[in-house]
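Here is the structure we will look at.
Labels below follow one simple rule: chain letters A, B, ... track the order of the sequence lines, proteins then strands, and each chain is numbered from 1.
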2 protein chains.
Amino acid sequence: MRENLDHSFDTASVHPERTLRRDAEENRERILHAAKILFAERGLGVTLDDIGHHAGLGVATVYRRFPNKVALVEALFEQRVIELIDVARAALAFTDAWEGFLFLMKGILTLEAEDRGLREVILGSECIKGRLDDLKAEVAPLIEELISKAQAQGALRQDFRANDVPVLTAMAGAAQEYCGIISPGIWKRYVAIVIDGLKVDRSTCTPLPQEALDQNQLHQAMLGWRTHRLSKGHD
Amino acid sequence: MRENLDHSFDTASVHPERTLRRDAEENRERILHAAKILFAERGLGVTLDDIGHHAGLGVATVYRRFPNKVALVEALFEQRVIELIDVARAALAFTDAWEGFLFLMKGILTLEAEDRGLREVILGSECIKGRLDDLKAEVAPLIEELISKAQAQGALRQDFRANDVPVLTAMAGAAQEYCGIISPGIWKRYVAIVIDGLKVDRSTCTPLPQEALDQNQLHQAMLGWRTHRLSKGHD
DNA sequence: ACCTATACGGAGATATCTCCTCCGATTAGT
DNA sequence: ACTAATCGGAGGAGATATCTCCGTATAGGT
C-alpha cells in the first residue's frame, strides 16, 4: 500500500521547493503560527484539522503544505530545540557556575514548561528519528559539563545528575498542565522549591515567586484536568 | 433516552444486594483484583474489556457486576482514599510536627505515586460526584492543620500551602510516569529534593535515596513515554 | 442425577475521533 | 481574461471504547 498514487494532490511533497503563490505562502505562515500556539497550549495531540481552522483555513490546505503532522512538527520545533542549545551554551559562559546553572534551569524550564509541544518533543522519542533527534542529542553534553562545573565549585549538590534534568522538566510540565491554565507561571513556584533543594549553600530560603492556588482555583484545576474520560458522554 | 430497558441483563444494578452464586462472587473478586493492578499501572483509562481479560473472564461478566466503569472505580478507590485519610490522621499524632509532615508526605506520595489510578481520582474531579468526593474533601483540612503545626514549630517553610500538596503529587506522578517502569521508586529521588527545598533547617542535604537513570535507561524512558501518537500506526 | 435459575463468553452494534483525500469552486498573476 | 495554482468542506477509512445480545455452561438445591 501507499504507493505513489499522487495525482495532482500532494504536489508540495514532490516538488517541495517550487515557489508558492503569494497567497499560499501567506497561508503557510498562518498555519505555522496557529500550530505554534496550539502545540504549545495543548501538545502534539492537536489535529491538523484544528490547526487549519485555527488558522482560518480548511483542512486540505494544511495537508497540502505539510504531508502529515510529523513534517509540521519538525518544521516548527527545529528552531525551538536550537533555542535550548543556545541557552545551554550561554549558561556555560558564566564564571559563577551556580549562576550559570540557575540560568540554565530557568531557561530550559521556561521554554519547556510553557510549551507543551516542545516538552513532548524533548521528553518523547517516538516517531521522530530525524534532524530533531540529532539536535536533542547536542543538549545533554552541555548540561553535563555545566553540572560538573557547578559541583566542582561546591554550589550544586554532588548527587545531582544531568539525567535528572529531563525528569525535572517532566515534573514542572506536570505542574503546568495541572494548573497552568488557572495560574500561568505557577510552575515557577515549584521549580523554586526544587532549586532550593538542589543548592548546597543552605543559608537562605528563596522566597517563592508565585502564590499557591486558592481553594477555588484548585477546584477549577481539578475540573479542568481531564485524563481519560471515565464514561460515555451520556446526559 | 436511557430509560429502564433492563430486560434480564443488568440484574446486579437492580438488586445489587442479592447474594451471588459462589462462582460469581469469586469472579467479582477476580475483577476487583485485576482492576486494582491495572488501574494502578495504567490509570483509569484501561477498558473494562482489558480488566475482564486480565481477570481471565469475558467482558460481559465485568459489565454484569459493575454497570459501568465509574461504579467499578468507586468500589475500588473508596478504600484507598480512606487510607489517605488514615495517613493524614496518623501524621497529626506526631509531636514533632516536621516528623509528622515527613510521614504525611511520604505516605501520601507513596500511595499516589505508585497508583496512577488513585492519583487520577484525587487530582481529577470529573465524573465522580458521589461518595468519593466526600471522602476526598476530608483530607484537605487535616493536611492544613499539620502544615500549620509544622510552620508554627519553625520547621517547614512559611510560604508552603496545603494546596501545594496536590501539585506536588502531580509532579511526583509525572516523574513516576516518565521513568517508573524503568526504575520503580525513582520518584523518591525527586521527592527527596523537593523535601529538602521545603525544610527550614538547611544545615544538611538529605542524601538522595535512588540513583538517577543512566544514559540507556533514560533512552528507554523516552521510548516508552507515549503522549499522543503523532501519526497513524503506519508500518 | 436432574433441573432451573444464574452466570459465562465473545461477537458485534453504536458512537466517537483522527487522519487524510476528493473534487467543485475560487483566485493570483501574466 | 485565461489558466494554473489554490482553497474549503464533506466524507471515507480505520482505531478505539462502551456496552449488549444471545447461545452455552454450570452451581447447587432436591
Report yes or no: is there a donor-acceptor pair, N or O only, under 3.5 Å between the side chain of A/Asp49 and the base of C/dC20? yes
Round to a whole Å and report the spacing from CG of B/Leu44 to P of D/dA17. 14 Å
Which whole-number value in Å describes the distance from A/Leu48 CG to C/dT21 P? 11 Å
Between C/dC8, C/dC19, D/dC7, which one does the side chain of A/Ala24 approach most closely? D/dC7
Just distance, no hydrogens or angles: give the donor-acceptor pairs under 3.5 Å from side chains in residues 169-185 of chain A, sequence neighbours left out.
| unit_1 | atom_1 | unit_2 | atom_2 | d |
| --- | --- | --- | --- | --- |
| A/Thr169 | OG1 | A/Val165 | O | 3.0 |
| A/Glu177 | OE2 | A/Arg119 | NH2 | 2.4 |
| A/Tyr178 | OH | B/Leu123 | O | 2.8 |

So with a 6.0 Å cut-off around NZ of B/Lys136, is the heavy-atom count from everything else above 12? yes
Rounded off to whole Å, could you give me the OH-to-P distance for the B/Tyr63 and C/dG12 pair? 18 Å
Check whether any side-chain N or O of A/Glu25 sits under 3.5 Å from a backbone N or O of A/Arg22 as a donor-acceptor pair, and report yes or no. no
Between A/Arg64 and D/dC7, is there a side-chain N or O to OP1/OP2 distance below 4.0 Å? yes
Report yes if a side-chain nitrogen or oxygen of A/Arg65 is closer than 4.0 Å to either non-bridging phosphate oxygen (OP1 or OP2) of D/dC7; otherwise report no. yes
Check the distance between C/dT18's P and A/Leu72's CG and give it to me in whole angstrom. 16 Å
Taking the side chain of B/Asp23 as its heavy atoms from C-beta onward, which of D/dA27, D/dG9, C/dA28 lies nearest to it? D/dA27
Output the rounded distance in Å from CD (B/Glu25) to P (C/dT6). 16 Å
If I take atom CG in residue B/Leu20 and atom C1' in nucleotide C/dA7, what distance separates them, rounded to the nearest angstrom? 10 Å
Rounded to whole Å, how long is the line connecting atom CG of A/Asp50 with atom C1' of C/dC17? 11 Å
Look at the side chain of A/Leu57 and decide which nucleotide, out of D/dA27, D/dT18, D/dG8, has an atom nearest to it. D/dG8
For B/Arg22 and B/Thr47, find the nucleotide of DNA chain D closest to each by heavy atoms; which residue's nucleotide sits nearer the 5' end? B/Thr47
When you measure from the side chain of A/Lys69 to the backbone N and O of A/Val46, does any donor-acceptor pair fall under 3.5 Å? yes
Hey, is the side chain of B/Thr61 poking within less than 4.0 Å of OP1 or OP2 on C/dG9, counting only N and O atoms? yes
Output yes when at least one side-chain N/O atom of A/Asn27 is less than 4.0 Å from OP1 or OP2 of D/dC7, else no. yes
Roughly, in whole Å, what's the span from NE2 in B/His53 to C1' in C/dA11? 11 Å
Counting just side-chain N and O atoms, does A/Arg21 come under 4.0 Å of either OP1 or OP2 of C/dT27? no
Between B/Tyr190 and A/Asp164, is the side chain to side chain donor-acceptor pair (under 3.5 Å) condition met? List the steps. CA-CA 9 Å; B/Tyr190 300 100; A/Asp164 288 323; 2.5 Å; yes
